[in-house]
Trainee: 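After the structure tokens below, expect a handful of questions from me.
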Amino acid sequence: MEKRLRLAPSPTGLFHLGTARTALFNWLYAKKINGKFLIRIEDTDKVRSKSQYTKNILDGLKWLGLNWDEEPIKQSERISVYKKQIEKLLEIGAAYRCFTSEEEIAKLRAKQKEKGLPPKHDNRHRDLTREQIKSFISQGRTSVIRFKINEDIEIKWEDQIRGLITWKGKDLGGDLVLSRRALGYEIGDPLYNLAVVVDDNFMNITHVIRGEDHISNTAKQILIYKALNYKLPNFSHTPLILNNEGKKLSKRSSVTSIDEFKDMGYLPEAFVNYMAFLGWSPKNTDKEILSLEEISNFFDLPDINKAGAKFNWEKLNWINSQYIKKMDVIELHKIINKYWNKMGWVSPSFEWDLKLISLLKDSMVLLSDAIAQSKPFFLLPPIQKEGQDFLSISENKECLRYILNFLKEKKIENLNQDKAKEIINKISKDQCIKKGILMKSLRVAFFGSLSGPDLIQSWELFAENKSDIIRVGRCFTLP
Ligand code: GLU
């Protein structure tokens, strides 16, 4: 039988980390077992669901490289299908109309609260007669459809991550609401637990992998599967993603939308690589830099942790830096050039761009680091305090005088790294100056400070448009 997995996002917000990690685990496992990865958009909440969020989720999945195998299904287009199944549940006596009003429910809750009890419906309308129903309807009362939950039942399933899970019927909050309120004999809009079961059955889903916050839903859904005589899929519940303090990562307090990670300068390949380690680690390798294909080979559900997974920025940054390091310079240029264009920075040539990127890529953690790190190559950086102090010593400034004269007199064309080293060696020898001092003074002239990337490689870049002469020369016109 074909193995089929799905991601079932609700488009009520931007594509976020939790959903992305669930998508990744489903995708990886689908690949591992040679199955299909499908998408279902759970947009039955008409008020909160927005088409721009659906687009954002699908775009985000594409960005991460998590492609799906069939046209996504939208729940909003299947309302009549769900209603038919609700009718069936009514017919077989597994569900019933419940007329309890909002006020009556509020009263019930208040009483339960007083006694310190969790909210639970008292199933008061489970056994209404036809006449009672008629009478409620004639009074203009609205009703929901409730699914009967046997208090004495024990629901058990073998979770692929957590092992045997047992849930008691009496802990499921009373009979389950399947549809929103409606007037007369109408059936209101179907709700999550019913729609999920109908769709997972319709889509022939064989494996459901979702967050542990759905465990009690799974217990409810298993009862619906059984009532409708559907075949049960395998269930797995993944650990939550936690922040540094060990609390559930919230949209309010942390970066959670995938767009934000993208904008911060994370590479999709690095980001999925990191996400795979959020709650999972491979058994058969110590390697941490792995492609999606490699991870899917190592991946297995029992290796996913049960405990929450702490989000670790350091590890994410390290993985990202490793991907930038091994990235092809021309590919990296495509991305970085966009940043430069945005800043309005113009470079002397494509070759110059590639040389600059090769120079910077080993020290980049985020793609966006390219902006700060390449800025001194495009714009003349001011001489900072440490640079000014260095140049206030006349011997240091003298070094720059020798270099400037050399550059002006010799009018060197195409200064490359060998030539740059030669110049330093020659001046050092002729003037009896330590090479280190010469290099330091040149660094101050180029970067305005005593730190920066490799000096000789930088010089080659500055020489391309005579910026080396300008930078050394400006040290003599400083106020
Ligand atoms: N729409 C649900 C969510 O976004 C899907 C849960 C499921 O996978 O069944 O949490």
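First listed ligand is number 1; within each ligand, the first listed atom is number 1.
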Trainee: Among R126, K170, K120, find the residue that satisfies the salt bridge (Lys or Arg N to Asp or Glu O under 4.0 Å) test when tested with E151.
Mentor: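 When R126, K170, K120 are each tested with E151, the salt bridge (Lys or Arg N to Asp or Glu O under 4.0 Å) holds only for K120.
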Trainee: What's the shortest distance from atom 4 (O) of ligand 1 to any protein heavy atom, and which residue and atom give it?
Mentor: S10 OG, 3.4 Å
Trainee: Would you mind listing which atoms of ligand 1 come within a distance below 4.0 Å of any non-hydrogen atom of E42?
Mentor: 1 (N), 2 (C), 5 (C)
Trainee: Can you list the residues that meet the ring-ring contact (aromatic ring centres under 6.0 Å, His included) rule with W318, with sequence neighbours excluded?
Mentor: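 Counting only residues at least two positions away or on another chain, W318 forms no ring-ring contact (aromatic ring centres under 6.0 Å, His included).
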Trainee: Is there a polar contact between ligand 1 and Y192, counting only N or O atoms under 3.5 Å apart?
Mentor: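 Yes, there is a polar N/O contact under 3.5 Å.
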Trainee: Atom 5 (C) of ligand 1: which protein heavy atom is closest, and how many Å away?
Mentor: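 So the nearest neighbour among protein heavy atoms is A8 O, 3.0 Å.
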Trainee: Under 6.0 Å between ring centres: does that hold for F25 and H207?
Mentor: no
Trainee: With under 30° as parallel and over 60° as perpendicular, where do the rings of F136 and F99 fit, or are they tilted in between?
Mentor: parallel
Trainee: Considering only protein heavy atoms, which is closest to atom 8 (O) of ligand 1, and at what distance to one decimal place?
Mentor: R6 NH1, 2.6 Å
Trainee: What atoms of ligand 1 come closer than 4.0 angstrom to any heavy atom of H214?
Mentor: 3 (C), 6 (C), 10 (O)
Trainee: Between V196 and ligand 1, is there a nitrogen or oxygen pair with a distance under 3.5 Å?
Mentor: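 Min N/O separation from ligand 1 is not below 3.5 Å for V196.
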Trainee: Is it possible for you to check whether R78 lies under 6.0 Å from the centre of the six-membered ring of F202, through NZ or CZ, and within 45° of that ring's axis?
Mentor: yes
Trainee: If you have a sec, work out which protein heavy atom is nearest atom 9 (O) of ligand 1 and how many Å separate them, to one decimal?
Mentor: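 Atom 9 (O) of ligand 1 sits closest to the protein heavy atom R210 NH1, 2.7 Å.
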Trainee: How about F377 and F462: are their ring centroids closer than 6.0 Å?
Mentor: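 Yes, the ring of F377 comes within the 6.0 Å limit of the ring of F462, centre to centre.
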